[in-house]
Amino acid sequence: MAKEGVEKAEETEHMIEKDGGKDQESVLTAGDTKEMRAVVLAGFGGLNKLRVTKKVMPEPLEGEVKIRVKACGLNFLDLMVRQGNIDNPPKTPLVPGFECSGIVEALGENTKGFEIGDRVMAFVNYNAWAEVVCTPLEFVYKIPDDMTFPEAAAFSMNFVAAYMMLFEVANLREGMSVLVHSAGGGMGQAVAQLCSTVPNVTVFGTASPFKHEAIKDSVTHLFDRNVDYVPEVKKISPEGVDIVLDCLCGENTGKGLGLLKPLGTYILYGSSNMVTGETKSFFSLAKSWWQVEKVNPIKLYDENKVIAGFSLLNLLFKQGRSSLVKIVVDKLISLYNARKIKPLVDSLWALEEVKEAMQRIHDRGNIGKLILDVEKSPTPLMANDSTETSEAGEEEEEEEDHEGDTDNKERMPFIQ
């Protein structure tokens, strides 16, 4: 382990030396035209709205950290952003992405606690899918020497959210039971691993049938996501469960509340059921809204149940709880160092392969987290369609044929 840490430290030093004196680059002159590659969303809609293009490289402001990005996380939320399927969507064009990992390349004024060359992971309020990002220091965290950059990019969003829902909101304790949807995804696996750190916790999970063999050891009871799981859960636990973590919404809200034991907690942290096609569907939105059980506070009072919502990004960027998140990150790093948790990476994709990666997550084909590897070379089959050298938004929209999407697994560039 010590040898591995030394090797990674030497690798980091080599990267910094190879990139030249970064402290000299932190000050731009008028003649500088430093650029970087970035994934740009030209407008809300389908996959054809995404392009890899050149953008001006950002420089850190006061209190910010400049990071040379090595890997970025891809979440279902990013798919919803692409469709414009979120509340108060930002203006386009924009660079998507909320989490990344890499090496500290420069520091803004009054930025303490980091040094050039530090290996870090970070939250970013958009702009993560690029070769370089700048973000306030309170959203940046050092990573262990033996944690790879893809693992770090798979760590921040999923494990922090899972930990806070389980322990800060629902107060998970020994002997309790948890129902988690999409158990085969990055969040589902983070939940399962964290539940395993508490004695005698029963985990009920739903997932696509083809994932069951791969994840069967991570959950106690596994059900097909396409069938009604409620009677199956009650066969095993007639009283229901203590915690429901719901990323689906729609009809699952009522099912989840119905499965709660007295003093149980239902937490909604996503609404992936609203996504059915490649673009935003108002029918799916209306259907999901209609299927949500209208919560009666008096009924919650009578049944001693708790209903909650959780958004990590709102907690960080809108509600100013970065200090609480930092405490959670420290606890999670301790669990990682103790070998009790480890991010599960499904696959690595080049920036130019972002469309294929998004299609895979849309098809629920991933087991674990999808990662954009900034240094990975794209396969020739995928590179041309996502690369654009002109300014984002100038290209014409083009019709896309997705009849061949079923062969994604055959065309996958790299699977860990």
Side-chain angles (χ1 to χ4, degrees), residues 76-77 87 158-183 185 187-188 190-207 219-274 285 287-315 319 321 324 328:
F76 204 90
L77 176 61
D87 288 334
N158 291 158
F159 277 89
V160 171
Y163 186 98
M164 297 191 79
M165 287 191 292
L166 289 171
F167 297 103
E168 301 289 340
V169 181
N171 194 22
L172 177 66
R173 301 183 302 281
E174 181 177 355
M176 296 179 74
S177 56
V178 179
L179 169 65
V180 59
H181 294 294
S182 301
M187 178 68 79
V191 168
Q193 289 186 33
L194 288 170
C195 285
S196 71
T197 66
V198 180
N200 301 318
V201 171
T202 301
V203 180
F204 298 89
T206 67
V219 299
T220 317
H221 304 286
L222 195 55
F223 309 114
D224 184 346
R225 69 183 299 270
N226 299 310
V227 302
D228 187 2
Y229 52 86
V230 173
E232 300 300 320
V233 171
K234 288 193 171 181
K235 284 180 185 177
I236 300 167
S237 178
E239 291 186 352
V241 298
D242 296 291
I243 301 170
V244 174
L245 302 182
D246 183 10
C247 61
L248 304 177
C249 198
E251 63 180 351
N252 293 281
T253 300
K255 290 181 177 181
L257 286 170
L259 278 173
L260 283 183
K261 296 179 181 178
L263 302 182
T265 302
Y266 164 93
I267 305 174
L268 179 69
Y269 69 98
S271 53
S272 63
N273 273 352
M274 293 184 182
L285 290 173
K287 179 181 177 182
S288 185
W289 178 86
W290 180 259
Q291 288 178 332
V292 172
E293 180 171 309
K294 305 307 178 282
V295 177
N296 184 340
I298 300 300
K299 187 177 181 181
L300 293 176
Y301 161 79
D302 288 338
E303 297 180 353
N304 281 301
K305 294 180 179 181
V306 177
I307 184 169
F310 183 81
S311 167
L312 176 58
L313 295 178
N314 283 348
L315 197 69
Q319 296 161 350
R321 296 297 190 270
L324 175 58
V328 170

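For the single chain, residues carry numbers from 1 onward in sequence order.
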Whether Phe204 and His221 hold their rings parallel, tilted or perpendicular, with breakpoints at 30° and 60°: parallel
Whether Tyr163 and Phe167 hold their rings parallel, tilted or perpendicular, with breakpoints at 30° and 60°: tilted
Kindly give the heavy-atom pair with the smallest separation between [X] and [Y], and that separation in Å.
{"X": "Ala170", "Y": "Ile243", "answer": "CB-CD1, 3.5 Å"}
{"X": "Pro199", "Y": "Glu174", "answer": "O-CG, 3.2 Å"}
{"X": "Leu260", "Y": "Asp242", "answer": "CD2-O, 3.8 Å"}
{"X": "Ala183", "Y": "Ala207", "answer": "N-CB, 4.4 Å"}

Lys255 NZ/CZ over Tyr229 ring centroid, <6.0 Å and within 45° of normal: yes
Measuring only between side-chain heavy atoms, which start at C-beta, is [X] closer than 4.5 Å to [Y]?
{"X": "Leu315", "Y": "Ser311", "result": "no"}
{"X": "Val198", "Y": "Met176", "result": "no"}
{"X": "Val219", "Y": "Cys195", "result": "no"}
{"X": "Leu245", "Y": "Leu166", "result": "yes"}
{"X": "Val328", "Y": "Glu168", "result": "yes"}
{"X": "Leu313", "Y": "Leu77", "result": "yes"}

Once rounded to the nearest 0.5 Å, what's the spacing between atom [atom1] of [X] and atom [atom2] of [Y]?
{"X": "Ser237", "Y": "Lys261", "atom1": "OG", "atom2": "NZ", "answer": "4.5 Å"}
{"X": "Leu259", "Y": "Ser177", "atom1": "CG", "atom2": "OG", "answer": "9.5 Å"}
{"X": "Leu179", "Y": "Asp246", "atom1": "CG", "atom2": "CG", "answer": "8.5 Å"}
{"X": "Arg321", "Y": "Leu312", "atom1": "CZ", "atom2": "CG", "answer": "13.0 Å"}
{"X": "Ile307", "Y": "Leu300", "atom1": "CD1", "atom2": "CG", "answer": "6.5 Å"}
{"X": "Tyr269", "Y": "Met165", "atom1": "OH", "atom2": "CE", "answer": "5.0 Å"}

More than 12 heavy atoms of other groups within 6.0 Å of Gln319 CD: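 More than 12 heavy atoms, drawn from other residues, nucleotides or ligands, come within 6.0 Å of this atom.
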By side-chain hydrogen bond (donor to acceptor under 3.5 Å, both in side chains) - contacts of Asp228 (at least two apart): none
Chi angles and distances behind the side-chain contact (heavy atoms from CB on, under 4.5 Å) call for Glu232, Asp224: CA-CA 10 Å; Glu232 300 300 320; Asp224 184 346; over 6 Å; no
